[in-house]
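Note sheet for the following structure.
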Amino acid sequence: MLRLKRASALPNSIFRLSSLFFPSRSTMSSNKFALQEADAYINYDTFLASNFDAGQYAHEVVEEAEKGDGTEITTALSTLQFNIESLTSQIQKQVSLNYDVLLSQIIGIKELDSVLLMIQKNIHTLKEALLRLSTKVRPPFEQIQQYTIQLRNLQATSDVLRRLHRFTILCKRLTSQYPVQADTVPDRDLAAAATTLYELGLIMDEADLDGIHLVQNDLTRIRQCRDAIEQEATRLFHQGVDSHSPSKMAASLQIFHNLKMMVPTVQTWVNALLKRLDDKITQTVDMQQLQKEIKSNPAASGPAVRRVNNEPTFGNQIPWANTFWVNMEELMNYMSDSYVKIYNVEKALELKKDSFTHITFLEEVTKSLDTSSLVSYFWHSMSTTFEKELKNASKGSSFLQNSLIGDYPKFLRMLHGFFSRVALHKGASILDYSNSPEYLIMLRSFDTFESGYLARSLSRMYEVVNGIFPSYGGLARTPPGRSDVANMMRTIEKELELTAFEPHLLQKVSRNVVKMVNMFCVKCEALVVTSVQTIYSPSPNMAITNYLNMNIELANVLYSLNQAVWKVIEDYSNDIIDIIRPGTEECQQLMSTIGDNVAESIRADATRILLRIHQEDFSGQLPGQDDMDENSSSQYTKELAKHVRYYHSQILSRFACGTEPKTWVKAIAQHILRVFVFQASLVRPLSEAGKLKLAGDMAEIEFIVSQLLAEYGMRIEEAGAVYKGLRSFRPLLFLDSAQLAAAHHAAGLPPLVQIHHLIVRSQTTSQPLSLPHTVYDLSRQEYMAWMDAQTTKEAVQLAFDALTRNIQDDTRESQEFRAIQAIVENLE
């Protein structure tokens, strides 16, 4: 067993030898590798393990021997002996191989010993020097430390004495500023006393004056003075707020500021005011509270009917509504009073400044409340609470929702009264104040109720329009009458009057008015008849009569509505007029469209009659005196006169659209003159007798047109250039072809008409010119429409191109062609 224990010390020997001879880690690793390579069959890992225990190893060998036949111990000892011998031989080999290295290390160790001896000697010398230095330094240090403590105590004593002296002076000053026997103290002395109290408080907080009899004797009186001054300042502040006295508020704020209590005092007061206002708002919209008030008033409670969720019955809503609006009026008064208090306090804070920093009291308060001003803080808090409570109450009560939406103008009028009192207090008008941020913030709080009211208002307007235009039945295609317009205007006037006091709501209701007018115009447009092409019938024709009646009545109603709307809105501001103007313009546009369609039909009918000029014979001989009397006018002029009389008596005179029919009649007259002159220039063949007949037709046309214009207070000269062309064309018939190109003879006559007449005159030559419509293979009506769509220069060029197509050279030398060429050159 002893041999096993000795053998177990083998690893320790290995490590000691390795650290002695091979201190380098890399060297040890290479040697270990050499040992393992030499004795690969020897197990060194067991002994090299970091947790190797020699006793545990011996115990395991003994246990194995007890289990076996007893030879395990002998085997283990022999193995260990072999390993030790092998390791010893390896160590000797390594020593012999590294003999020089070992000698050098031994020499180094000797040198190191001499160095260490020298260092130890120096350290000993240093310790002796430090001991001598400590002996020289310590006594002065201890003396200085003692003097420092004495000085500190003297300074503390001096500071206490100085504060005590200041305390004594302040107590005497407080006695003079706030005498106990005095019944009243001026505000200035109260502010000075507050400053003295604050300084006394600082002295007592910064210095420990407990146990000093001089201080203890005055503490009770100081506390009494402080409580009395705080109470007096609070009384002054509330009196100033209630009586709107800036001097009292300023004095109390100065006292609180000197006591360094101004910011928390104002903040507490503002929060308490807003809390009371929030409770008042909640109480006003509380259905349970409303029911208690109804029950406490027997005259307003009505019959005893079981209610569900505190809701009034259908027959008992009037007293409930009256009580609710009375409470709402009281709330508005309370809100205005609260605002006035906040505003007055803010003005008082703005006027007062700190005497050292020159910062206003208002800046200090707003900084603590994290806002820009007290008024904005009040508005934001009040509007948020008002919006939240109203929305929650309306969600839980259909009665409140119907009251706030149905009577929204009444509610807004109360709010408007509230803002009127606020604006009056600020010295501004309600119109200027209606665009302020505070006003807009409050209005945004009621967007839900405003949207509901606008929807109901629009629904009422649409109901009126739908009642005028039934969707089925015998009256489905009946045009509206003036009574319907009057009914519409009563509705429009009522809706505008209900909201006239509030500009923003009035603008939104005005947009509803525009929607109502647009809907009326859309339904009128659906009734407009456009399928009938002709408007004249020699015998009674119900289709034409119904068509005209429908369109004329629609135009008259639209004009009447337009005028009525303008009459209503003329007393309102320009903003409202600008909003409603698109609706009136749509009425005017639809009325003008209907009238233009009727006038267009009249012009088409007149064109159809004037085209019959080409059915007349203008190539005959000069008639006798008797024949001239019988055939003084053509058949188409007689028919045109009859049609024109029909236009006036049966169509145009029935339009009650102000001056619009005058415009349509003028356009019709100009069209008749223009078409006649154009078609008269295309009459071919034209003899001398035909010229006389054509001149008579011109006089007849001029008379017909002048009679039509006279019915509407106009002269034929107002027809403008087309009438001048007619007057110029008549003498032109009897001039020579060479004179036609002269400007003074053809003044007012279109160049295209001159060209047509010159072409007609070429019929007497050997090579007559072709009229342009024959060259282009167009009818006279199509040709006229085509030329009307061109500019004057383009139309003349097209006519000239038609002449020069397939023209003979000798024809170019004709008098008429040269005159036409001169006209074209003058245009260029």
_Under 6.0 Å between ring centres: does that hold for F419 and W379?_
yes

*Pairing of K347 and E350 as salt bridge, 4.0 angstrom limit*: yes

*What orientation do F418 and Y339 show, parallel under 30°, tilted 30 to 60°, or perpendicular over 60°?*
perpendicular

*Quick one: sort the F361 and H257 rings into parallel, tilted or perpendicular, breaks at 30° and 60°.*
parallel

Any side-chain heavy atom of [X] sitting closer than 4.5 Å to one from [Y]?
| X | Y | result |
| --- | --- | --- |
| K515 | M461 | no |
| L558 | C521 | yes |
| L253 | V266 | yes |
| W566 | R581 | yes |

_E199: which residues meet the side chain to side chain contact (heavy atoms under 4.5 Å, CB included) condition with it, sequence neighbours left out?_
R166, L170, T195

*Could you verify whether a donor N or O on one side chain and an acceptor N or O on the other, from N327 and T284, lie under 3.5 Å apart?*
no

*Consider only side-chain N and O atoms of E585 and N562, and report whether a donor and an acceptor are under 3.5 Å apart.*
no

*Approximate separation, where rounding is to 0.5 Å, of I405 CD1 and E450 CD*: 11.5 Å

*Qualifying residues under salt bridge (Lys or Arg N to Asp or Glu O under 4.0 Å), relative to D596, sequence neighbours excluded*: none

*Listed partners of E553 passing salt bridge (Lys or Arg N to Asp or Glu O under 4.0 Å), at least two apart*: none

